[in-house]
Amino acid sequence: MSFKDLAGKSFLYFDGAMGTMLQAAGLQAGELPEIWNIKQPKKVQAIHREYLAAGAQIIKTNTFGANELKLADSGVGVEEVFNAAVNNVRKAVEQEKNAGTLPADKEVFVALDMGPTGKLLQPFGDLSFERAIKIYGEEVRAGVMAGADIVLIETMSDSYEAKAAILAAKENSSLPIVCTFTFDATGKLLNGADVETAFTMAEALGVDVVGFNCGLGPEQVLKILPRGIAAVNLPIAVNPNAGLPTVKEGRTVFAVEPEEYGNLMEAVAGAGAALLGGCCGTTPEHIKALCAVTKGHRPVSRKKNAETKICGYGSSVDFAHLPVIIGERINPTGKPRLKEALKAENMDYVCNLALEQLEKGAAALDVNVGVPGVDEPALLTKAILSLQAITSVPLQIDTSDYTAMEQALRIYNGRPLLNSVNGKEEVLNKVLPLAKKYGAALVGLCLDDKGIPETAEARLAIAWKIINRAKTYGIKENDIFIDPLAMTISTGGKNAVIALEVVKALHAKNIKTIMGVSNISFGLPAREQINSTFLSMAMEQGLSAAIMNPKSEAMLNAYYAYGALSNKDFGCKAYLEHFAGIKQEIKSPGAEGEYSLYDAITKGLTGPSRKAVEKLLTQGKKPLDIINEDMIPALNTVGEAFEKKTLFLPQLLMSADAAKAGFDVIKQKFGQRKEDGDPIVLATVKGDVHDIGKNIVKVLWENYGYRVIDLGKDVPPETVVAATVEHKAKLVGLSALMTTTVTSMEETIRQLRKAVDCKIVVGGAVLTEDYAKEIGADAYAASAVASVNYANEIFKK
Ligand code: B12
């Protein structure tokens with residue numbers, strides 16, 4: 001039977017760890033494990049054989065890090081490694097079969113193993129999305145050529161990188177795809193995606209199995225597994241570590257012994273996982289134990305999950321309760337200012353429109369940049385990337401330009417709604433394959449070559465044509481949203497009635513509907529009156545999503561009131577939040593869309609941050625007060641939110657960029673640096689990349705006439721020593737913001753003390769006066785002003 005036939009129906013067993021087994025077999029620190037496929041094939045084969053003997057049926061090739069980047073200086077190529085790796089598995093199988101330990105007819109699947117590239121993707125790192133697809137594509141082709149049976153994408157801690165790998169697998173092979181993620185104990189990836197979001201995206205992109213691996217032990221996976229099970233209909237794989245790693249005498253150890261592992265994995269299987277194995281720290285004994293406890297059983301049958309989800313990179317939205325509000329404002333039709341902004345590629349303006357709508361409760365955002373004369377593919381891509389840098393909500397990609405559509409679907413991080421397809425043959429043929437390939441949920445408009453029909457029956461006929469055609473591409477009924485098209489009642493008295501009939505008829509057949517609501521009142525006075533009543537009527541007929549202006553109070557009021565009245569808003573929760581929360585509404589920019597500096601930084605907006613600083617300066621606020629009263633509190637807020645996991649690294653980075661942009665304006669206010677002042681060496685210590693505080697100190701010192709030799713961030717102790725010697729600096733300033741890097745600050749101080757005679761002042765959020773003394777510094781400066789006072793003391797100014 002094929003892998004796809006077996007997966008989910010009977011238990012399939014993965015092998016366990018390779019890395020820790022290779023270390024036990026003599027792999028040295030710093031040596032690339034993948035090279036052992038070529039240098040030590042016997043040892044690699046021996047490990048595969050042990051796993052086969054233990055009962056594993058899916059054997060991962062020893063290629064976790066065998067990508068172009070990591071192999072760059074190794075002297076061997078990707079193809080060579082994969083070839084050797086697949087061969088090693090095949091040989092091991094052959095040997096076991098010859099030895100009679102493995103039945104001759106036992107099917108073994110060779111899993112082409114791909115781990116993360118090791119680089120962060122843009123915009124948070126420097127690896128472009130397309131480059132990531134290329135890197136994985138090379139691995140997939142190499143593995144396919146060598147004869148692998150399935151593609152295994154594992155240890156993914158960034159769902160965007162997972163998407164790149166999945167696309168690479170789809171574009172370079174037709175093998176089944178297994179994709180497993182590494183979550184933290186709360187069920188979040190490093191990039192902020194939760195279990196539901198990561199799994200939804202992977203399922204939509206067409207993988208055959210999703211799951212969990214590495215990071216956690218089986219006990220911790222058990223806690224988040226039910227969420228994954230409930231989110232998708234795919235078979236689930238679980239390859240945990242042998243417990244959480246701890247460090248003992250300088251070595252990493254995994255505490256869960258085989259027997260306990262087996263018992264915990266029995267519970268994992270009982271919760272609904274169907275592919276079982278292990279990751280770091282697991283051994284053939286662990287695999288043997290888990291095979292023993294599940295042998296003779298079948299995977300538990302799971303409830304079918306019929307909910308449709310769309311997602312951004314962080315969170316997903318489903319359509320099970322109240323209709324989903326999709327903000328309509330990022331659409332240039334009838335908006336001259338947005339048109340101008342789009343022509344000028346002013347993404348701050350676009351982001352601002354997004355934030356305004358999100359503050360008012362939009363759960364997703366429509367994005368349409370179709371202005372005549374612009375390069376729509378480039379502009380839509382840019383808009384999507386900019387929006388996804390400031391918000392993790394799902395976006396609705398709204399375009400009729402097929403190139404723009406494909407590029408946007410490709411770079412989108414998550415599972416988007418695609419607006420739209422319709423009943424025209426050409427459009428069906430172009431859009432449906434794109435929606436399928438990129439896993440988008442799809443909006444279908446009730447129009448065709450003959451235009452928009454006048455009757456509900458004719459519109460329904462188009463709806464069913466779209467649905468049935470989409471099914472031939474493998475798009476599920478469930479993932480299609482039909483838009484009946486609300487035409488204004490000012491030109492046709494029955495227009496609202498027709499649209500509502502379509503919604504009602506489709507709802508009765510469990511088909512989802514979506515509608516741009518506001519058009520219904522075009523040409524009439526008091527439009528909000530009509531719009532909000534129409535929205536209530538449509539909701540009553542079962543509308544699944546409303547594309548509307550969330551800034552319209554009347555519509556929002558109708559929306560929440562309807563939710564409360566229809567009992568779809570259980571306990572009137574959303575209603576109460578909306579109406580009780582109205583007074584405390586915060587952070588809305590003023591009439592001209594201006595943000596305070598605090599809001600600009602917490603929201604991660606660079607343009608508004610610059611503007612806010614300029615404004616404060618013209619109002620006469622002192623630069624230092626701006627730093628202390630606006631900038632630092634804003635960064636503290638995001639820092640706290642980050643700690644509480646209500647905000648994630650991408651947003652933290654955007655906030656840091658916004659703070660820097662604001663600070664650049666302040667910097668220009670200060671005088672020019674002097675070339676002949678007393679030299680001071682300044683650096684953020686090794687391992688630490690926080691440099692905002694250090695840069696502030698630098699500018700202030702320069703402002704007081706000192707010549708600052710700024711060595712930047714992540715600076716090794718040796719570099720600090722060399723620069724201090726070279727410039728004969730009497731003062732060195734060191735910055736560290738993490739408890740983990742205070743040790744490298746200590747090391748830097750130790751090396752300075754050995755080599756030169758100088759004073760050392762340290763700063764950074766985690767330090768205290770006492771701590772500074774303890775690690776041997778001469779002084780501690782809690783603020784930039786304190787750092788100036790200390791320098792003046794040393795240089796007797
Ligand atoms: C912005 C930020 C980032 C940005 C940094 C961008 C940049 N270019 O600097 C980014 C997003 C890159 C980042 C990354 C990370 N961060 Co960070 N980050 C922050 C944040 C929110 C603000 C820091 C800041 O700029 N503050 C404002 C400045 C002005 O204050 P300051 O640095 O303290 O500087 C003042 C004084 O201390 C003093 N001073 C500072 N240095 C010096 C030096 C001298 C010589 C003198 C005299 C004075 C002085 O004067 C300055 C001006 O008044 C803090 C939270 C916080 N509230 O501090 C977390 C925080 C520091 N980060 C944290 C973490 C964990 C990380 C990451 C590990 C996250 C991850 N999982 O990847 C990475 C680490 C990467 C690395 N290897 O360094 C933790 C550290 C926890 C700990 N106790 O160890 C914090 C505390 C957040 C948290 N609560 O969890 N981060």
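Whatever order the structure lists them in is the order used to number ligands and atoms, beginning at 1.
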Between the side chains of Lys309 and Glu196, is the shortest nitrogen-to-carboxylate-oxygen separation below 4.0 Å, so that they form an ion pair?
no

Thr180 side chain vs Gly211 backbone, donor-acceptor pair below 3.5 Å:
no

Glu643 versus ligand 1: do any nitrogen or oxygen atoms come within less than 3.5 Å of each other?
yes

List ligand 1 atoms under 4.0 Å from Val766, heavy atoms only on the residue side.
83 (N)

Atoms of ligand 1, numbered as shown, that sit under 4.0 Å from any heavy atom of Ser735
40 (C), 41 (N), 42 (C), 43 (C)

Glu68 and Arg131 ion-paired at < 4.0 Å:
yes

Between Glu130 and Arg410, does any side-chain N to carboxylate O distance fall below 4.0 Å?
yes

Is the backbone of Asp599 close enough, under 3.5 Å, to the side chain of Thr602 for a donor and an acceptor to pair up by distance?
yes

Could you work out, for atom 12 (C) of ligand 1, the closest of Ile627, Leu653, Ile696 by heavy-atom distance?
Leu653

Can you find a protein heavy atom closer to atom 40 (C) of ligand 1 than 4.0 Å?
yes

Residue pair Asn352 / Tyr595, side-chain donor-acceptor N/O under 3.5 Å:
yes

Would you check whether Gly639 has a nitrogen or oxygen atom less than 3.5 angstrom from a nitrogen or oxygen atom of ligand 1?
yes

Region of Thr739 that comes within reach of ligand 1 [heavy atoms, distance under 4.0 Å]:
both

Should Gly687 be counted as touching ligand 1, given the test is an N or O pair under 3.5 Å?
yes

Would Thr155 and Asn213 count as having a side-chain donor-acceptor pair, cut-off 3.5 Å?
yes

Heavy atom of protein inside 4.0 Å of atom 81 (C) of ligand 1, strictly below
no

Ligand-side contact atoms (ligand 1) for residue partner Ala781, heavy atom cut-off under 4.0 Å
47 (C), 48 (C)

Would the number of heavy atoms belonging to other residues, nucleotides or ligands and lying under 6.0 Å from NZ of Lys119 be above 12?
no

Quick one: does atom 85 (C) of ligand 1 have a protein heavy atom under 4.0 Å from it?
no

Nearest non-hydrogen protein atom, atom 1 (C) of ligand 1:
Ala656 CB, 3.8 Å

Could you list the atoms of ligand 1 found under 4.0 angstrom from a heavy atom of Ser783?
50 (O), 53 (O)

Given Leu635, Val685, Leu120, which one has a non-hydrogen atom that is nearest to atom 24 (C) of ligand 1?
Leu635

Numbering the atoms of ligand 1 from 1, which are under 4.0 Å from a heavy atom of Ser787?
47 (C)

Evaluate the ring planes of Phe212 and Phe183, with Trp represented by its six-membered ring, and classify them as parallel (under 30°), tilted (30 to 60°) or perpendicular (over 60°).
tilted

Contact (N/O only, under 3.5 Å) between Asn628 and ligand 1
no

List ligand 1 atoms under 4.0 Å from Val761, heavy atoms only on the residue side.
45 (C), 47 (C)

For Thr741 versus Val685, what's the shortest heavy-atom pair and its separation?
O-CG2, 3.5 Å

Does Asn413 reach the main-chain N or O of Tyr313 with its side chain, forming a donor-acceptor pair under 3.5 Å?
no

Does NZ belonging to Lys188 count more than 12 external heavy atoms closer than 6.0 Å?
yes

What is the closest protein heavy atom to atom 38 (C) of ligand 1, and at what distance does it sit?
Ala782 O, 3.9 Å

Which residue and heavy atom of the protein sit nearest atom 75 (C) of ligand 1, plus the separation
Val689 CG2, 3.5 Å

Within reach of ligand 1, part of Lys660 (heavy-atom separation under 4.0 Å):
side chain

Looking only at protein heavy atoms, identify the closest one to atom 65 (C) of ligand 1 and say how far it is in Å.
Phe642 CE2, 4.0 Å

Looking only at side chains, do Asn789 and Tyr704 share a donor and an acceptor under 3.5 Å apart?
no

Ligand 1 contact by Glu640, heavy-atom criterion under 4.0 angstrom:
no

What is the nearest protein non-hydrogen atom to atom 35 (C) of ligand 1, stated with its residue, atom name and distance?
Gly693 CA, 4.2 Å

Closer than 4.0 Å and a protein heavy atom, does any atom meet both conditions relative to atom 5 (C) of ligand 1?
yes

Is the number of heavy atoms from other residues, nucleotides or ligands under 6.0 Å of Lys70 NZ greater than 12?
yes

So, the side chain of Ser157 versus the backbone of Thr182: is there a donor-acceptor pair under 3.5 Å, distance only?
no

Does any N or O atom in Trp701 lie less than 3.5 angstrom from one in ligand 1, N or O only?
no

Between ligand 1 and Asp691, is the shortest N or O to N or O distance under 3.5 Å?
yes

Do the side chain of Ser655 and the main chain of Ile601 share a donor and acceptor less than 3.5 angstrom apart?
yes

For ligand 1, note which part of Ile692 has a heavy atom under 4.0 Å away: side chain, backbone, both or neither.
both

Which option wins on minimum heavy-atom distance to atom 32 (O) of ligand 1: Leu737, Leu652, Leu190, Thr637?
Leu737

Counting distance only, does the side-chain N/O of Lys686 pair as donor-acceptor with the main-chain N or O of Thr748 below 3.5 Å?
no

By number and element, which atoms of ligand 1 are closer than 4.0 Å to a non-hydrogen atom of Asp688?
78 (O)

Closest approach of any protein heavy atom to atom 58 (O) of ligand 1, naming residue and atom:
Ala765 CB, 3.9 Å

Top protein contact for atom 14 (C) of ligand 1, by heavy-atom distance
His690 NE2, 3.8 Å

Protein heavy atom at shortest distance from atom 67 (C) of ligand 1:
Met738 SD, 4.3 Å

Heavy-atom donor-acceptor pair, Thr743 side chain to Thr740 backbone, under 3.5 Å
yes

As a check for students: among Val762, Ile632, Asn636, Val788, identify the option with a heavy atom nearest to atom 56 (C) of ligand 1.
Asn636

Does a donor on one side chain and an acceptor on the other come within less than 3.5 Å for Asn191 and Asp158?
yes

